[in-house]
Amino acid sequence: MTTINNKIWSLSFVFVLVSNALVFMTFEMLLPTLPLFITALGGGASQVGLVTGIFMLSAILTRPFAGILATKIDKKLLLILGIFLMALSTGAYYLSNNISTLLLIRLIHGAGFGLATTYFATLAAEIVPKDRRGEGIGYFGVGETVAISVGPMVGIMTLELYDFQRLFFGGMAVLFLAIIMAIFIKIAPKGKKVDKQVSGKFKLLEKRVLFPALLIFLIGIAAGGIMSFFSLYAIEKDFTQVGLFFLLIAAATFVIRLISGKLFDVYGLPVILIPGSILSIVGLIILYVAVSDSMFLIAAIFYGFGFGAIFPAIQTWCLNLVEEHEHEDAMATFFNFFDLGIGGGSFILGLVATVASYQAVYLVASIVYGLVLVIYLVYFVRKRQSNKHSGKREELKNQAIN
């Protein structure tokens with residue numbers, strides 16, 4: 001047994017939640033500010049895309065090694081290593097004097113981010129009781145939600161008040177605080193039985209979580225549209241409350257995660273994924289037809305409720321499909337498919353915006369969520385039918401024996 005006690009809110013859970021939130025806050029601090037730094041170095045739009053893409057590629061290529069590394073090295077040490085790489089990289093950005101150096105630093109930063117995000121999720125899953133994992137992962141995600149909503153604002157304010165040096169060194173200081181938090185995370189040691197089950201083989205992806213990974217990939221495509229094009233769509237529609245829009249998404253996500261995890265543990269995935277998909281579709285359709293500020297803000301609330309419930313539910317589903325010593329492989333696959341969805345979605349929906357309009361992006365995004373809902377409903381119905389047939393076969397078998 002790897003849980004410290006039967007309660008979710010242990011000190012270790014608080015440390016892993018806060019440390020993870022600090023990591024995501026520094027990541028979000030750089031999203032709106034790093035492009036400005038690239039421009040200051042003489043780079044253009046293509047260089048901004050390259051710097052963003054190479055970070056994502058590095059994280060994706062690093063995550064498959066998380067599982068095999070965890071069989072040889074303590075995963076808490078690996079987590080600290082990941083955060084340390086992020087801290088050094090964040091501080092080193094200021095030392096960059098050309099795009100080539102910046103790309104090299106981004107490779108290291110992406111590798112650290114890939115390791116840290118994987119081990120944060122697996123440690124959180126091991127700290128909380130297994131029968132309350134949905135609730136625990138939901139709470140764990142609340143820290144990310146707050147960080148994601150606060151991070152860009154902190155980054156922009158820091159740059160407005162000071163300069164790039166204090167932005168990057170300040171981010172590095174926050175990450176060192178995250179390391180201190182991570183040092184105090186405690187998990188119970190594994191028993192010998194679990195150690196013997198570990199194969200130690202490299203896995204590019206975990207096959208048992210491919211179906212939920214496909215769903216999170218599609219969700220990532222839709223999320224890519226929200227993240228990449230909303231500011232431009234807002235200009236097109238003369239909507240000025242962009243900050244409030246994203247704040248409402250974060251607030252709705254925060255609220256729903258306080259209750260969706262409990263519902264997952266009690267009633268299972270369908271009660272989360274089906275209503276969550278419908279709420280997201282409604283939000284995206286409202287966004288597509290929006291003609292007033294109030295419609296944009298209502299769309300943010302609906303989308304925030306839907307996405308905020310679905311993301312931790314699928315994450316918990318992936319964790320539950322594998323054994324505990326395979327959590328790293330499951331989370332590596334989960335995050336990689338989500339990141340690929342965001343990256344692919346930004347590209348595909350960018351083409352939609354070029355051919356049609358930014359408004360069309362959100363119609364396509366709603367169709368993608370509709371596809372998620374249809375695929376899951378087909379899976380759910382087939383699984384129920386399969387379980388019924390299995391039950392009947394077992395009943396007939398027992399009758400024959402008796």
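Because the structure is a prediction, the values reported are computed rather than measured.
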Validation: residues 153-175 side-chain donor-acceptor distances under 3.5 Å, sequence neighbours left out:
from: Thr158; atom 1: OG1; to: Val154; atom 2: O; distance (Å): 2.7
from: Asp163; atom 1: OD1; to: Gln165; atom 2: N; distance (Å): 3.3
from: Asp163; atom 1: OD1; to: Arg166; atom 2: N; distance (Å): 3.0

Using 30° and 60° as the class boundaries, would you call the ring planes of Phe307 and Tyr303 parallel, tilted or perpendicular? parallel
Once rounded to the nearest 0.5 Å, what's the spacing between atom CD1 of Ile185 and atom NZ of Lys76? 7.0 Å
Identify the heavy atoms of Gln359 and Lys237 that sit nearest to each other, and give their distance. NE2-NZ, 3.6 Å
Quick check against the 3.5 Å criterion: does Thr333 have a side-chain atom that pairs as donor or acceptor with the backbone of Glu206? yes
List the atom of Ala182, the atom of Leu79, and the distance in Å for their closest heavy-atom pair. CB-CD2, 4.2 Å
Looking only at heavy atoms, what is the nearest atom pair of Thr33 and Met29, with distance? OG1-O, 2.7 Å
List the atom pairs, donor and acceptor, that lie under 3.5 Å between side-chain atoms in residues 56-66 and the rest of the protein, sequence neighbours left out.
from: Ser58; atom 1: OG; to: Leu107; atom 2: O; distance (Å): 2.5
from: Ser58; atom 1: OG; to: Ala111; atom 2: N; distance (Å): 3.0
from: Thr62; atom 1: OG1; to: Ser58; atom 2: O; distance (Å): 2.7
from: Arg63; atom 1: NE; to: Thr117; atom 2: OG1; distance (Å): 3.4
from: Arg63; atom 1: NH1; to: Asn336; atom 2: OD1; distance (Å): 2.9
from: Arg63; atom 1: NH1; to: Asp339; atom 2: OD2; distance (Å): 2.8
from: Arg63; atom 1: NH2; to: Thr117; atom 2: OG1; distance (Å): 3.3
from: Arg63; atom 1: NH2; to: Asp339; atom 2: OD2; distance (Å): 3.1

Backbone N/O of Lys186 and side chain of Ser12: donor-acceptor pair under 3.5 Å: yes
With a 6.0 Å cut-off on ring centres, are Trp9 and Tyr139 close enough? yes
State which residues pass side-chain hydrogen bond (donor to acceptor under 3.5 Å, both in side chains) with Tyr93; sequence neighbours excluded, sorted by chain then number. Arg106, His109
Between atom CD1 of Ile80 and atom OH of Tyr119, what is the distance when rounded to the nearest 0.5 Å? 12.5 Å
Heavy-atom side-chain proximity of Leu31 to Pro152 below 4.5 angstrom: no
Short question: side chain of Asn20, backbone of Phe120 - any donor-acceptor pair under 3.5 Å? no
Test Val322 against Asp329 for side-chain contact (heavy atoms from CB on, under 4.5 Å), laying out the working first. CA-CA 9 Å; Val322 299; Asp329 297 320; over 6 Å; no
Contacts of type side-chain contact (heavy atoms from CB on, under 4.5 Å), residue Ala92, not counting sequence neighbours: Ile105
Measure the acute angle between the ring planes of Tyr233 and Phe230, then classify it against the limits of 30° and 60° as parallel, tilted or perpendicular. perpendicular
Under the 3.5 angstrom rule, does the side chain of Ser366 hit a backbone N or O of Leu363 as a donor-acceptor pair? yes
Is any side-chain N of the basic residue among Arg208 and Glu326 closer than 4.0 Å to the acidic one's carboxylate O? yes
Which of parallel (below 30°), tilted (30 to 60°) and perpendicular (above 60°) describes Phe140 and Phe13? tilted
Is it true that atom CG of Leu11 has more than 12 heavy atoms of other residues, nucleotides or ligands lying nearer than 6.0 Å? no
Residue pair Ile301, Ile298: steps toward the side-chain contact (heavy atoms from CB on, under 4.5 Å) verdict: CA-CA 5 Å; Ile301 294 170; Ile298 291 170; 5.5 Å; no
Are Phe27 and Phe113, when compared by the centres of their aromatic rings, separated by less than 6.0 Å? yes
Pair Glu126, Lys75 - check salt bridge (charged side-chain N to carboxylate O under 4.0 Å, His left out), show working. CA-CA 11 Å; Glu126 292 180 17; Lys75 66 182 67 178; 2.6 Å; yes
Separation between OG1 (Thr122) and NE2 (His325), nearest 0.5 Å, reads 13.0 Å
Does some side-chain heavy atom of Ile285 sit less than 4.5 Å from a side-chain heavy atom of Tyr362? no
Distance, nearest 0.5 Å, that separates CG of Leu81 from CG of Leu77: 9.0 Å
If you round to the nearest 0.5 Å, how far is CD of Glu328 from CG of Leu115? 11.0 Å
Side-chain donor/acceptor pairs under 3.5 Å, residues 286-293, sequence neighbours excluded:
from: Ser292; atom 1: OG; to: Ser294; atom 2: OG; distance (Å): 3.1
from: Ser292; atom 1: OG; to: Met295; atom 2: N; distance (Å): 3.4

When you measure from the side chain of Ser357 to the backbone N and O of Ala353, does any donor-acceptor pair fall under 3.5 Å? no
Minimal heavy-atom distance between Ala299 and Gly283, with the atoms involved, is CB-O, 3.3 Å
Least distance between heavy atoms, Val372 atom then Ser277 atom: CG1-OG, 4.0 Å
Side chain proximity check, Phe184 to Ser19, heavy atoms < 4.5 angstrom: no
Classify the angle between the aromatic ring planes of Phe334 and Phe311 as parallel (below 30°), tilted (30 to 60°) or perpendicular (above 60°). perpendicular
Between Phe37 and Leu102, is any pair of side-chain heavy atoms under 4.5 Å apart? yes
Start with the C-alpha distance between Tyr369 and Leu373, add both sets of side-chain angles, then the distance that settles side-chain contact (heavy atoms from CB on, under 4.5 Å), and finish with yes or no. CA-CA 6 Å; Tyr369 259 103; Leu373 181 58; over 6 Å; no
How about CZ on Phe211, more than 12 heavy atoms from neighbouring residues, nucleotides or ligands closer than 6.0 Å, or not? yes
Taking all heavy atoms of Gly308 and all of Ile256, pick out the closest pair and write down the distance. C-CG2, 3.6 Å
Can you list the residues that meet the side-chain hydrogen bond (donor to acceptor under 3.5 Å, both in side chains) rule with Asn320, with sequence neighbours excluded? Arg133
Please report the interatomic distance CD1(Ile274) to CD1(Ile310), rounded to the nearest 0.5 Å. 10.5 Å
Are Leu41 and Ile99 close enough that some pair of their side-chain heavy atoms sits under 4.5 Å apart? yes
Check whether any side-chain heavy atom of Ile314 sits under 4.5 Å from a side-chain heavy atom of Leu273, and report yes or no. yes
Is there a side-chain contact between Ile127 and Ile8 in this structure, where contact means two heavy atoms from C-beta onward sitting under 4.5 Å apart? no
Taking it one step at a time, do Ile342 and Ile221 satisfy side-chain contact (heavy atoms from CB on, under 4.5 Å)? CA-CA 5 Å; Ile342 290 177; Ile221 290 176; over 6 Å; no
